[in-house]
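Naming: A, B, ... by sequence-line order, numbering from 1 per chain.
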Amino acid sequence: MTVTPSRRTFLAGAAAALTIPLARPAVSQTLPPQAPELERWPDAFLQIDTDGRVTCVLPTCEMGQGTHTGQAMILAEELGADWQSIQIVMPQQPSDPYRLPFGQMRSVGSYGIRFFHDPMRRSAAQMRMMLTQAAATQLGVPKYDLVARDGMIMHADTNRAIPFADLVPAARLLPVPAEPKLRPEAERTLTGTNVPRLDTPAKTRGEAVYAIDVSLPDMAYAAPRMAPVFSAEVEAMDEASVIDMPGVLAVVPVPRGAVVVADSWWQARQAADALDITFTATEHDALDEATLNARIAEGLDRAGVPMTLQRGDPLGTLDAAETVIEADYQVPMLAHACMEPITCTAQATEGRTELWAGTQGHDWKRMMLERELGIPSDELFINTTYLGGGFGRKTWHHDAAQAILASRALGGRPVKVIWSREDDTRFGMYRQTMQARFRGSVDAEGRITAMTVRVAGPQMGAAIVQENNMDPFSLLGLVDQPYAVPNYAVDHAVVDIPVPLSAWRAIATSFTGYWMESFIDELAEAAGMDPLAFRLLNLPSDSRARPVLERAAEMADWNDPAPDSVHRGISVVGSYGSMVAQVAEVTMAGDRVTVPRVFAAIDCGRAIHPGQVETQIQGSVIDALGPTLRAKITLQDGAAVQSNYTDYPLIRIDEAPEVAVAIVETGAPLGGVGEPGVPPLAGAVCNAVFAATGRRIRSLPLSDHGLA
Amino acid sequence: MTDFTLNGEAVTSDADPATPLLWVIRERFGLTGTKYGCGVGACGACTVHLNGQPVPSCALPLDAAADGEITTIEGLAPDGNHPVQQAWIEVDVPQCGYCQSGQIMATAAMIREVPDPTDADIDAYLSGNLCRCGVYNRIRAAAKRAAEIARS
Ligand code: FES
Ligand code: FES
């Protein structure tokens, strides 16, 4: 794509700046071309201003994963700019270059670095070449004698240097080079180092603006009152019951309930609680945990389920095997429980709806708001703030819809909707509950000869289900498990459940990793082998799982006997383009499991910021430990039982393991980092619990087994 | 009318005295560094100092702050450079950062009482502060570093 930068501007008043459009992602990563009306390219992607500030418009939000810092490093390195001069901003509307391989602009799938790395480098290289060309003309020297460094183009021989800012007026008139020439590996000296995160100072001074902090002139506040049963609607509501309460401005009907708008959030909250409202009866009003589990378990025995993956002759091999190991596994629903609760501010006026949101799902919001409220895509503008955590929850639109309806009811005044922690915990959008039946056999040498996996539970959405019932949100981690199993089958008996579900960090691999790595341990036990030796025997010689397993084992002194009272479990799971192995150490205080240390090794390709890789893996381990030990969502009378951090207990500092992280670079392509640390943890812990107690834990959390 | 001192300044609020201090600080005085996480004193995101003691402002009615001295993250140090903040930047603690005002306020109170905190002290003083991103390894390191900076 060639674009003359001088004809293109993208920020108001920035006409004199040098801008570069986002290079199309590599062919392998692009979708088929969209209809012309969807080809709404941003006018430019990378801009350098006449004061030298570099702004890059990127679609990934900052929700803790450090992505903006990593992106700034990649750009600064390629451009030769000071990384601190780089500002990452987000577009107000989605457009194609920002869409991920599945066609949406979202901050999901640990894509932020790995997907935009190459396009960012190409654009930065184009910009550097234009600046260099401008400098060459100005200095009267050949281009190849110049280097771009520290925000300047330098001529070493004559000791002259021109700041980028001074070159912008000339450079912006040059054509964008069609073939960006990337820096050679030897010049890539910024990525791979631990620069301070760009957002840390603001986040230590209380200055970072999250969605809940947005403040607009004349803004009103709203609190929802929503039906506890997920599919219920309002049956009757008496607005008069609260309209005279202090500060109350309006009561606005919304799907599944109402929001009360007031002068302050506390007033809105008080009135929402006091609101006289009843909800319709539904056929799910009696649903509870046991009924739900039984309904899903039916799928384990179902006949006639389409085979998603089959190789060799798994059933014949199992029939002929001397011993067949069989085990049923289960995981409960989970809440995301982001520290910042669900919140959105909206201002809805004629022809323009503007949101201030901490969102992971720009396209999803756009699509849902178009469908539910009839807002045309080109009339919706989203201002993205920092997110106080996302974990897959903040792709949704319900809070935005409430804020928009409230703003409309107030004649276009901005309204901020804040859900209480209880609203958030009880609303739904949970990680799915799933079950599986594993069968497997090993030969006398300890090689896996056959395995079948029957998954039972909901599918996460028809839209992403591929051929043969392949639902990535249900089956990743199984269909792509790393072991050499010559006879192997995976299928999924779909059992719909009347609960709204949402992607939860690491999605399917958050439970398939636990299942597979526990079952592999069961097979190792049947083979009479050490769990590490068994894994290495059954992994192909070129598997990416091997180096990380070996490294994690080495860090944990796996081959030396554990100290008294320490029990170890090992696990390895590949997800989001990365491979992570973990060894968990478990000690028992009576019946209570504690996890003092975890050793993790990750292969994520090139580590752009090793310190951020480390903290993401540490955080992932601690995140995954909560639902391994205690956290789960259960139902009673058709509604969620849990409501707050008191009954949805997550890990605190006094229980947090010390997590040692090693990065293993094997030359693999860039992988994700935000999610891959989650999947191995539960398996590693439960395998250590087996070592400690002889009990195989086939459902989570451990507290259900009296172990936490 | 409730009078109190907010980050060294005398202020008055006409909000209902039963309103949790958190919402008064955030909405009436525009100091949004103090966060809402749970509303029931279970997460520590809303931690402020009342007369030097760390308290969950979500569980503190406005009238309990009457005539008291309230310090928020914005008022912890005039230049945002309290030893705890320095240490937090040095160790690069935050991920999403949402819990961090509370973590920092709790740590600042801890090191005033315990100038050289052990791991057990840190567990005791900071276990009321949830971090959903799980950056506890760095919080522990930074808390010790903050104490060291404060002692020097
Ligand atoms: S918001 Fe106050 S302790 Fe959670
Ligand atoms: S940094 Fe995200 S909750 Fe602590």
Side-chain angles (χ1 to χ4, degrees), chain A residues 62-66 194 196-197 199-210 212-213 215 221 246 264-267 269 337-341 386-391 418 420-422 611-612 615-616 618-623 625-626 644-646 650-659, chain B residues 15-16 18-20 22-24 26-28 30-40 42-43 45 72-74 76-77 80-82 84-86 88-90 92-101 103-104 120 122-124 126-140:
Chain A
E62 181 56 80
M63 53 187 157
Q65 77 285 43
N194 290 329
R197 264 179 77 139
D199 48 351
T200 290
K203 287 178 176 178
T204 59
R205 294 179 183 139
E207 290 165 1
V209 175
Y210 300 83
I212 201 170
D213 303 328
S215 179
Y221 298 83
S264 76
W265 186 75
W266 187 249
Q267 292 169 324
R269 176 80 265 151
C338 309
M339 282 293 281
E340 179 189 29
Y386 282 121
L387 283 72
F391 311 107
I418 305 173
S420 69
R421 173 60 50 201
E422 291 81 3
Q612 287 304 310
T615 186
Q616 280 300 315
Q618 290 173 330
S620 301
V621 161
I622 288 161
D623 184 359
L625 188 57
N644 206 317
Y645 293 125
T646 44
L650 297 172
I651 302 301
R652 309 225 166 211
I653 197 165
D654 56 349
E655 222 180 0
E658 189 185 320
V659 185
Chain B
D16 176 351
T19 308
L22 169 67
W23 299 104
V24 177
R26 288 180 52 84
E27 292 177 3
R28 299 288 172 113
L31 298 177
T32 53
T34 305
K35 303 303 189 204
Y36 166 72
C38 70
V40 297
C43 77
T72 70
I73 186 75
E74 291 90 346
L76 185 60
N81 222 11
H82 187 276
V84 180
Q85 290 167 313
Q86 290 177 42
W88 247 242
I89 289 172
E90 205 177 297
D92 225 350
V93 173
Q95 281 187 19
C96 84
Y98 194 78
C99 72
Q100 298 299 343
S101 298
Q103 306 280 1
I104 289 166
I122 291 171
D123 287 349
L126 299 185
S127 60
N129 289 79
L130 188 66
C131 175
R132 179 67 185 82
C133 299
V135 301
Y136 298 121
N137 286 198
R138 288 192 174 195
I139 290 174
R140 189 178 292 283

Would you mind checking which part of [X] comes under 4.5 Å of any heavy atom in chain B, side chain (CB onward), backbone (N, CA, C, O), both or neither?
X	result
A/N194	neither
A/P246	neither
A/I418	side chain
A/I653	both
A/E207	neither
A/M63	backbone
A/D213	both
A/L387	backbone
A/S420	both
A/A208	backbone
A/E655	neither

Is [X] close to chain A through its backbone or its side chain, or both, or neither, when contacts mean heavy atoms under 4.5 Å?
X	result
B/L22	neither
B/I104	side chain
B/N129	backbone

Exercise. Any side-chain heavy atom of B/K35 within less than 4.5 Å of one from A/E340?
Worked result: no
Exercise. Tell me, do A/Y210 and A/K203 make a side-chain contact under 4.5 Å, heavy atoms counted?
Worked result: yes
Partner chain B: residue of [options] with the largest heavy-atom pair count (under 4.5 Å):
options	result
A/G626, A/A337, A/G390, A/S215	A/A337
A/Q616, A/M339, A/Q618, A/E422	A/M339
A/T615, A/L650, A/D199, A/D623	A/T615

Problem set entry | Top contributor to chain A interface from B/A18, B/A15, B/G39, B/C43 [non-hydrogen pairs under 4.5 Å] |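 Among B/A18, B/A15, B/G39, B/C43, the one with the most close pairs to chain A is B/C43.
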Exercise. Who among B/A120, B/A42, B/S101 has the most heavy-atom pairs with chain A under 4.5 Å?
Worked result: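 The option with the most such pairs is B/A42.
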Exercise. So B/Y36 and B/W23, side-chain contact (heavy atoms from CB on, under 4.5 Å) or not? Walk me through it.
Worked result: CA-CA 8 Å; B/Y36 166 72; B/W23 299 104; 3.5 Å; yes
Exercise. Is there a donor in the side chain of A/Q612 and an acceptor in the side chain of A/R197, or the other way round, less than 3.5 Å apart?
Worked result: yes
Exercise. If every non-hydrogen atom of B/G134 is compared with every non-hydrogen atom of A/I622, which pair is closest and at what distance?
Worked result: O-CD1, 3.4 Å
Exercise. What heavy-atom pair brings B/T34 and B/I73 nearest, and what distance separates the two atoms?
Worked result: N-CG2, 4.3 Å
For this session: Measure from NZ or CZ of B/R132 to the centre of the six-membered ring of A/F391, then state whether that distance is under 6.0 Å and the direction lies within 45° of the axis.
Result: yes
Looking at [Y], is its backbone amide N or carbonyl O close enough to the side chain of [X] to form a donor-acceptor pair, meaning the two atoms are under 3.5 Å apart?
X	Y	value
A/E62	A/Q65	yes
B/Y136	B/C131	yes
B/Q95	B/V135	no

Problem set entry | Salt-bridge present (B/D123, A/R652; N to O < 4.0 Å) |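 Not counted as a salt bridge, because no side-chain N and carboxylate O are separated by less than 4.0 Å.
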Problem set entry | Aromatic contact, A/W266 with A/Y221 (centres under 6.0 Å) |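 Ring-ring flag for A/W266/A/Y221: false, centres at least 6.0 Å apart.
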